[in-house]
Visitor: 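Sharing a structure here in structure tokens format.
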Amino acid sequence: MTRASTRASSEGAPAPSRPNILLITADQWRGDLMGAGRPFGGLTPHLDALAAAGTSFASHYCQVYPCGPSRASLYTGLYAHKHRSVANGMPLDARHPTLFTELRRAGYLPTLFGYTDTTLDPRGGAPLDPDRGTYENLCPGMVAGVMLTERATPWLAHLKANGYRVEDPDAGREAIFAQRRFGEPAVFAAEHSETSFLTDRFLDWLGVVGREPFCAHLSYIAPHPPFGAADPWHRLVDPADMPAPVRGADPSVEAGQSRLIAALIGQIGLTGHLIDLTGRAAEMDDELIRRMRAIYAGLAHEVDHHLGRIFRTLKENGLWDNTLIVFTADHGEQLGDHWLLGKTGYYDQSAHIPLVIRDPRPAADKGRGKLLDSFTESVDVLPTLLEAAGVPTPRNCDGRSLLALCAGEEVPADWRDSTQWSFHFGDIVGRRMEEVLGLPTRLCHLQVIRTKTLKYIAFAGLPPVMFDLAADPDELEDRASDPALLALRLEGAERLLGFRQRHEEQTLTGYLAKDGTFHEEEV
């Protein structure tokens, strides 16, 4: 090669001083659940304290949803159009390095507490191998400390040992919540909740972690549905204190934006979200929405409480001053906004998520307590943690390290001025949206490009949608066909095209064999 590689080579001696790494995710945690002045603010005192000791990113977005795809981007640092694991159950190509395979190069043994929702590459596997039929496999590079899939076997065993009824283990966690109705406290005590159980197991492990720097991924399912919580979390938040939903005067406002939104409003039901309730999400009144949001907020309160236990233990065990902590989510949740539930469509509520990074090293002192509003993305987590570990970032990675921003440095002039995400709404098995929209599965996807004032949504098989966020921050009026805003629509289309051109496959395209020498592009 004509020069030493700074990114592509992952070999070499580990950094002389490696921090412990703790990556924490909470499932379906909206970006407005934290921070003063936000609709759900004031619910997370321990995370607020973490933010005061670290750096917070106010405009942080995931790259794709639901769970499996969003985590594929988080764990690979790749946009969805490159990893193409765009639906729960769609395999992640084994050729892609993950955060955890790369951290092993620095001597870490990444250990999971929770789940990664990874669909493994099936090529070469036996036809009846159970890994081929599930999206809940372990992300490559990890070992399992405690693995909790939807079946939640370790938690069910814990409940049974403590005297609770576990009559249908194959029904997993859903059957436990189904023993009570929506609005009632869960059947289990707070000390036996899934969040408490997972925290206890992590703390057990932390107590014997040893002298070598550790890497742990703590992956909570709360505040994911079904929305049921044990006392006191069930009754801790007053529904009257919850914000009303952001939505048009009636469902026709959003349904008129796109045939996709009309189909989602017509199809998304309460089943799976609100225990023992049926009907459509669009039929929820404000009172029911506020009750649902209060339970969701209580579940977030519970996660924050147990994170406080972890932070105290790190300090008591002398680990705090050498542990880099990242708190984020896989994606958001509509919670009745725009007449929808779950992570779906193209609205900010599904894509805007939290990010707090606490780098313990003295170099980060100038960034402590800062709240940055520049766009950051899930793909930035991988290069951030690899840089902290002294491991070069793979050339094909789409994200950028945030460590310099955590150290108080100015946002670079070439930093992104927009964010993007995608959503694949097809289903090769059920084909519900394909039949309603008259589209083949391969055309059932959309791509969002968002700036501070513009949001442009391009579909493979439907007309585009555009919002002028300066005039319409609630995303209620589609302006894509407005002749007065054709320049804004052109800007959106050109931004999206430029994004795709800047983020093509780069694994081998940075090299060239010529004149007897193997050259490498400088990055």
Side-chain angles (χ1 to χ4, degrees), residues 28 61-70 79-81 84 86-90 245-270 272-273 280-284 331-352 419-450 454-469 472 474-482 489 492-493 495-496 499-500:
Q28 223 135 315
Y61 289 79
C62 71
Q63 271 50 81
V64 58
Y65 35 79
C67 305
S70 66
Y79 291 124
H81 75 273
R84 294 304 297 155
V86 295
N88 284 344
M90 196 167 287
V246 175
R247 58 187 186 180
D250 60 69
S252 67
V253 174
E254 280 85 352
Q257 296 172 2
S258 170
R259 290 175 57 208
L260 170 67
I261 302 300
L264 292 172
I265 288 174
Q267 291 192 9
I268 292 178
L270 303 181
H273 292 86
R280 292 190 304 137
E283 295 169 347
M284 291 189 296
H331 50 70
E333 158 66 52
Q334 288 299 131
L335 284 181
D337 287 330
H338 300 289
W339 308 92
L340 300 171
L341 287 177
K343 51 279 185 183
T344 190
Y346 43 66
Y347 297 110
D348 274 18
Q349 289 87 355
S350 285
H352 182 213
T419 187
Q420 72 76 39
W421 66 89
S422 58
F423 176 48
H424 178 91
F425 47 88
D427 180 356
I428 63 175
V429 178
R431 298 189 55 80
R432 287 194 308 166
M433 301 305 290
E434 287 89 334
E435 293 174 1
V436 171
L437 299 175
L439 296 174
T441 302
R442 62 184 178 83
L443 296 185
C444 288
H445 64 88
L446 61 85
Q447 186 90 34
V448 176
I449 196 86
R450 187 201 194 281
L454 162 68
K455 188 169 185 180
Y456 180 80
I457 303 100
F459 291 83
L462 296 172
V465 173
M466 185 183 75
F467 299 110
D468 177 2
L469 297 177
D472 178 25
D474 291 336
E475 306 178 51
L476 296 177
E477 185 179 3
D478 170 29
R479 305 294 296 277
S481 299
D482 188 338
R489 175 171 170 172
R495 280 181 173 274
L496 186 55
F499 156 74
R500 291 297 292 264

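Bear in mind the structure is a predicted one, so any value in this text is a computation, not a measurement.
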Visitor: Under the rule for side-chain hydrogen bond (donor to acceptor under 3.5 Å, both in side chains), what residues qualify as partners of Thr419, not counting sequence neighbours?
Guide: Glu377
Visitor: If the condition is salt bridge (charged side-chain N to carboxylate O under 4.0 Å, His left out), which residues does Arg247 pass it with, not counting sequence neighbours?
Guide: Asp286
Visitor: So does His352 get a backbone contact from the side chain of Asp348, meaning a donor-acceptor N/O pair under 3.5 Å?
Guide: no
Visitor: Between the main-chain N or O of Ser252 and the side-chain N or O of Asp250, is there a donor-acceptor pair closer than 3.5 Å?
Guide: yes
Visitor: Residues two or more places apart in sequence or in another chain: which of them pass side-chain hydrogen bond (donor to acceptor under 3.5 Å, both in side chains) with Ser70?
Guide: none
Visitor: Find out whether Leu270 and Leu341 are in side-chain contact, i.e. whether some heavy atom of one side chain is under 4.5 Å from a heavy atom of the other.
Guide: yes
Visitor: For Gln267, check side chain to side chain contact (heavy atoms under 4.5 Å, CB included) against everything at least two apart and list the hits.
Guide: Arg432, Met433, Val436
Visitor: Taking the side chain as every heavy atom from C-beta outward, state whether Val64 and Phe423 have any atom pair closer than 4.5 Å.
Guide: no
Visitor: Give the C-alpha distance, both sets of side-chain angles, the deciding distance and a yes or no for side-chain hydrogen bond (donor to acceptor under 3.5 Å, both in side chains) between Trp421 and Gln63.
Guide: CA-CA 4 Å; Trp421 66 89; Gln63 271 50 81; over 6 Å; no
Visitor: Quick check: closest heavy atoms across Gly336 and Pro245, and the distance to 0.1 Å?
Guide: O-CB, 3.7 Å
Visitor: Could you check whether any side-chain heavy atom of Val448 comes within less than 4.5 Å of a side-chain heavy atom of Tyr61, counting everything from C-beta outward?
Guide: no
Visitor: Determine whether Leu335 and Gln349 make a side-chain contact, defined as any pair of heavy atoms from C-beta on separated by less than 4.5 Å.
Guide: no
Visitor: Are Tyr456 and Arg489 close enough that some pair of their side-chain heavy atoms sits under 4.5 Å apart?
Guide: yes
Visitor: Run Leu260 and Phe459 through side chain to side chain contact (heavy atoms under 4.5 Å, CB included) and show every step you take.
Guide: CA-CA 10 Å; Leu260 170 67; Phe459 291 83; 3.7 Å; yes
Visitor: Assess the residue pair Thr344 and Ile268 against the criterion (side chain to side chain contact (heavy atoms under 4.5 Å, CB included)); give the C-alpha distance rounded to whole Å, side-chain angles, the decisive distance to 0.1 Å, and a yes or no.
Guide: CA-CA 10 Å; Thr344 190; Ile268 292 178; 3.8 Å; yes
Visitor: Considering residues at least two apart in sequence or located in another chain, which fulfil the side chain to side chain contact (heavy atoms under 4.5 Å, CB included) criterion with Asp482?
Guide: Arg479, Ala484, Leu485
Visitor: Output yes when a side-chain donor or acceptor of Asp478 lies under 3.5 Å from a complementary backbone atom of Met466, and no otherwise.
Guide: yes
Visitor: Is the closest side-chain heavy-atom distance between Pro69 and Asn88 below 4.5 Å?
Guide: yes
Visitor: Just jot down the ring-ring contact (aromatic ring centres under 6.0 Å, His included) partners of Phe499, sequence neighbours excluded, or say none.
Guide: Tyr79, His81, His503
Visitor: What residues, two or more places apart in sequence or in another chain, satisfy side chain to side chain contact (heavy atoms under 4.5 Å, CB included) together with Arg259?
Guide: Leu437, Leu462
Visitor: What residues, two or more places apart in sequence or in another chain, satisfy side-chain hydrogen bond (donor to acceptor under 3.5 Å, both in side chains) together with Tyr346?
Guide: Gln257
Visitor: Donor-acceptor pairs under 3.5 Å, side chain of residues 439-447 to any protein atom, not counting sequence neighbours: which ones?
Guide:
{"from": "Thr441", "atom 1": "OG1", "to": "Arg431", "atom 2": "NH1", "distance (Å)": "3.3"}
{"from": "Thr441", "atom 1": "OG1", "to": "Glu434", "atom 2": "OE2", "distance (Å)": "2.7"}
{"from": "Gln447", "atom 1": "NE2", "to": "Gln420", "atom 2": "OE1", "distance (Å)": "2.3"}

Visitor: If the condition is side-chain hydrogen bond (donor to acceptor under 3.5 Å, both in side chains), which residues does Glu283 pass it with, not counting sequence neighbours?
Guide: Arg280
Visitor: Taking ring-ring contact (aromatic ring centres under 6.0 Å, His included) as the test, write out the residues that go with Tyr347, two or more places apart.
Guide: His338
Visitor: Once salt bridge (Lys or Arg N to Asp or Glu O under 4.0 Å) is applied, what residue pairs with a partner in residues 332-343 remain, sequence neighbours excluded?
Guide: Arg30-Asp337, Arg293-Asp337
